[in-house]
Amino acid sequence: MKILVPVKRVIDYNVKVRVKSDGSGVETANVKMSMNPFDEIAVEEAIRLKEAGTAEEVVAISIGPDKAQETLRTALAMGADRAILVKTDEIVEPLSVAKILKAVVDEESPKLVVLGKQAIDDDANQTGQMLAALLGWGQGTFANEVKIEGEKAEITREVDGGLQTVSLDLPAIVTTDLRLNEPRYASLPNIMKAKKKPLDTKTPDDYGVDVAARLKVLKTEEPPERSAGEILENVDQLVDKLKNKEGVL
Ligand code: AMP
């Protein structure tokens, strides 16, 4: 079984994101970029399936600028076998990503596509669902556990207030939630080995997909500043404040 894992290059989750002064978006120049954290979980899950003998090949794919090669090399260093970069300098919206992934799935015929549940830059949470719709495949979103048995996948999903288990026929789409696994760090020898693994470069045109934006960002704003906290001397002061100043008691 082949597994396809789409990985997106995003602003590193530790970076404090700054809005551009004209409000047209967020500052990305000279900002540390990394693999989307949910996609690291997706790569880890795919590699574990390979290590368990369930999968034979893990293919990582990224749609983005030349620099997204670094993200793919990280996936290769973690254990993916080969990578595909679909090169574009445009901001590619989830529908266009899903259309490109559909074309790649048609070419590669994976049994499973494991995506992150959402990219932490656009917070769209759309690509996996759109890809499932375009392919007409079943989807197990927000996966907390993935079990493959024969031609079926059993996916335990994180839902409000609990867990839900669904059974899907393969091929299928899975999107990862935070508690699915803890991604490994790539070791230095594996980082070196990853440099020699195959990485193909394509363009959206190769797949006949027009990536022009359908949405226009009207403005981007910083969240309101939080007001400073206050240290009180004792419980009486706290009760007085809650009762007489804040009006919550
Ligand atoms: P989103 O729908 O944008 O929140 O993204 C959900 C998931 O789709 C991500 O976690 C990735 O697995 C995948 N994805 C989105 N955009 C890209 C991209 N440009 N390249 C590769 N994978 C992507």
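All ligand and atom numbering here is 1-based and tracks the order in the structure.
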Review point. Does Gly64 reach ligand 1 with a nitrogen or oxygen that is under 3.5 Å from one of the ligand's nitrogen or oxygen atoms?
Key: no
Exercise for review: Give the numbers and elements of all ligand 1 atoms closer than 4.0 Å to a heavy atom of Leu115.
Suggested key: 8 (O), 12 (O), 13 (C)
Check your understanding: Got the closest protein heavy atom to atom 22 (N) of ligand 1, with its distance?
Key -> Pro6 CB, 3.4 Å
Point to revise | Donor on one side chain, acceptor on other, Gln129 and Asn125, under 3.5 Å | key: yes
Point to revise | Per-atom contacts of ligand 1 with Asn125, taking only distances under 4.0 Å to non-hydrogen atoms | key: 1 (P), 2 (O), 4 (O)
Practice item. Answer yes when Arg18 and Glu222 have at least one side-chain N-carboxylate O distance shorter than 4.0 Å, and no when they do not. Key: no
Check your understanding: Which of the numbered atoms in ligand 1 are below 4.0 angstrom from a heavy atom of Ile61?
Key -> 21 (C)
Practice item. Compute the shortest N/O to N/O distance between Asn36 and ligand 1 and return yes if it is under 3.5 Å, no if not. Key: yes
**Study point:** Ser34 side chain to Arg9 side chain, donor-acceptor N/O pair below 3.5 angstrom
**Key:** no
Practice item. Return the minimal non-hydrogen interatomic distance between Arg214 and Glu93, and the atom names on each side. Key: N-OE1, 3.0 Å
**Study point:** Of the listed options Ala119, Pro94, Ser96, closest to atom 5 (O) of ligand 1 (non-hydrogen atoms)
**Key:** Ala119
Point to revise | Ionic contact status for Glu158 with Arg179, cut-off 4.0 Å | key: yes
Review point. So do Leu131 and Leu135 actually touch side chain to side chain, heavy atoms under 4.5 Å?
Key: yes
Check your understanding: Where is the nearest protein heavy atom to atom 1 (P) of ligand 1: which residue, which atom, and how far?
Key -> Thr127 OG1, 3.5 Å
Exercise for review: Among Val86, Thr203, Val209, find the one that has a side chain to side chain contact (heavy atoms under 4.5 Å, CB included) with Ile63.
Suggested key: Val86
Review point. Which ligand 1 atoms does Val7 reach within 4.0 Å, using its non-hydrogen atoms?
Key: 20 (N), 21 (C), 22 (N)
**Study point:** Closest candidate by heavy atom, reference atom 23 (C) of ligand 1, pool Thr71, Leu95, Val97
**Key:** Val97
Point to revise | side chain to side chain contact (heavy atoms under 4.5 Å, CB included), paired with Leu249, selected from Leu238, Leu242, Asp240 | key: Leu242
Practice item. Answer yes if Leu115 and Ile120 sit in the same cluster of Ile, Leu, Val, Met, Phe, Trp and Tyr residues linked by side chain heavy atoms under 4.5 Å apart, and no otherwise. Key: no
Review point. Can you find an N or O of Ile63 that's nearer than 3.5 Å to an N or O of ligand 1?
Key: yes
Revision key, fill the gap. Among Gly116, Ala124, Ala60, Ala98, the residue with a heavy atom nearest to atom 6 (C) of ligand 1 is Gly116
Review point. Under 4.0 Å from any heavy atom of Asp122, which atoms of ligand 1 are there?
Key: 1 (P), 3 (O), 4 (O)
Exercise for review: Note the single closest protein heavy atom to atom 16 (N) of ligand 1, along with its residue, its atom name and the distance in Å.
Suggested key: Lys8 CD, 3.4 Å
Exercise for review: Can you spot which of Glu45, Glu40, Glu51 makes a salt bridge (charged side-chain N to carboxylate O under 4.0 Å, His left out) with Arg184?
Suggested key: Glu51
Review point. Is it true that Val92 lies under 4.0 Å from ligand 1, counting heavy atoms only?
Key: no
Practice item. Please work out which of Asp39, Ile100, Asp123, Val10 has its closest non-hydrogen atom nearest to atom 9 (C) of ligand 1. Key: Asp39
